[in-house]
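Only heavy atoms go into these numbers, but all of them, side chains included; no hydrogens, no water, no symmetry mates. Below, read A as the first sequence line, B as the second, and so on, with proteins coming before strands; counting in each chain starts at 1.
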Amino acid sequence: MNLSKLKKLNRTFYQRELLVVARELLGKILVKADGSALLAGKIVEVEAYDGSIDEAAHTYTGKTIRNQIMFEAGGYFYVYFTYGAHFCCNIVTGEEGHGTAVLIRGVEPVEGVVKMAFNRYGKNLVNEKEKYNLTSGPGKVCQAFGITRDYYGEDLIKGRVYLLNQPKIPEQMVVQTTRIGIKKSIELNWRFYIKDNPFVSRK
DNA sequence: CCACGGATTGGCT
DNA sequence: GCCAATCCGTGGA
């Protein structure tokens, strides 16, 4: 895949309604261009969070130091640390003040697989299992890409992390279902993933 | 000031 | 299938 021919998504893309953006993020290319290293992966699984009606969202109880970037206008990167061990990254959506974002739960590596393997395992890939375990989960994606607290609040229009456009995934290839790993607002069908893609964290 | 628990992962049973 | 690891944001005292 020739990434240099793809167009970067602009602010307008992100500032639309949460669920529209979440659905359309499937298939887009997440890129981290940091110095010499270029890492990229196709987004295959996401979850939407909306503090105004969703108890599982970090913004549900209002603005705090940790979640303030989620209240910015769409097009920023929200990175948080959880379970004492993992980082997870989100795409802020909607208009300023909304407190909405989309969690990246799985990507299919496109560029920089060797670097990702070293970030995850400290060595080269040796089998299929390691290949699919590389980026099939939110914490795994951040570890493979080297995304840490340092990327909190990154501007996706002019920062080191951005998204490249790709054709919309056809409806029949998209599965919409409930979110994973939460205890509140579990009835919301706000998880989207690409059907049969091996980098989806779970069915 | 301090206790609680999480948008997870990986290893062990 | 179950559970420990391990940090720090959050909220109550």
According to a strict under-4.0 Å criterion, is [X] in side-chain N/O contact with OP1 or OP2 of [N]?
{"X": "H58(A)", "N": "dG9(C)", "value": "no"}
{"X": "T61(A)", "N": "dG11(C)", "value": "yes"}
{"X": "K140(A)", "N": "dT8(B)", "value": "no"}
{"X": "T64(A)", "N": "dT10(C)", "value": "yes"}
{"X": "R120(A)", "N": "dG10(B)", "value": "yes"}
{"X": "R149(A)", "N": "dC8(C)", "value": "yes"}

Should we say atom NZ of K184(A) is surrounded by more than 12 heavy atoms from elsewhere, each under 6.0 Å from it?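 Atom NZ in K184(A) is not crowded, with 12 or fewer foreign heavy atoms closer than 6.0 Å.
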Whole-Å distance separating the [atom1] atom of [X] from the [atom2] atom of [N]:
{"X": "M70(A)", "N": "dT10(C)", "atom1": "CE", "atom2": "C1'", "result": "16 Å"}
{"X": "Y80(A)", "N": "dG5(B)", "atom1": "OH", "atom2": "P", "result": "18 Å"}
{"X": "Y60(A)", "N": "dG5(B)", "atom1": "OH", "atom2": "C1'", "result": "18 Å"}
{"X": "K184(A)", "N": "dT10(C)", "atom1": "NZ", "atom2": "P", "result": "13 Å"}
{"X": "N67(A)", "N": "dA7(B)", "atom1": "CG", "atom2": "P", "result": "13 Å"}

Do we see Y83(A) stacking on the base of dA5(C), given a limit of 5.5 Å between centres and 30° between planes?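 Not stacked by the 5.5 Å and 30° rule.
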Return whichever of S201(A) or K183(A) has its heavy-atom-nearest nucleotide of DNA chain B closer to the 5' end.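 Going by which nucleotide is closer to the 5' end, it is K183(A).
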Students often get this wrong, so: under 4.0 angstrom with heavy atoms, is I182(A) touching a base, only sugar-phosphate, or nothing?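 Sugar-phosphate: the residue I182(A), judged by heavy atoms under 4.0 Å, touches backbone atoms but no base.
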For a quick check of understanding: with a heavy-atom distance under 4.0 Å over all strands, which category does R105(A) fall into, base, sugar-phosphate or nothing? sugar-phosphate
Of the nucleotides dG10(B), dG9(C), dC7(C), which one has an atom closest to the side chain of F81(A)?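 Nucleotide nearest to F81(A)'s side chain: dC7(C).
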Of the nucleotides dG10(B), dG6(B), dA7(B), which one has an atom closest to the side chain of N133(A)? dG10(B)
If you measure from the Lys or Arg side-chain nitrogens to the Asp or Glu carboxylate oxygens, is any gap between E171(A) and R23(A) under 4.0 Å? yes
Looking at F77(A), does the NZ or CZ of R160(A) lie under 6.0 angstrom from its six-membered ring centre and within 45 degrees of the ring axis? no
Validation row, ring centre F199(A) to ring centre Y132(A) under 6.0 Å: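 Yes, the ring centres sit under 6.0 Å apart.
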May I ask you to check whether S52(A) and D50(A) show a side-chain donor-acceptor distance below 3.5 Å? yes
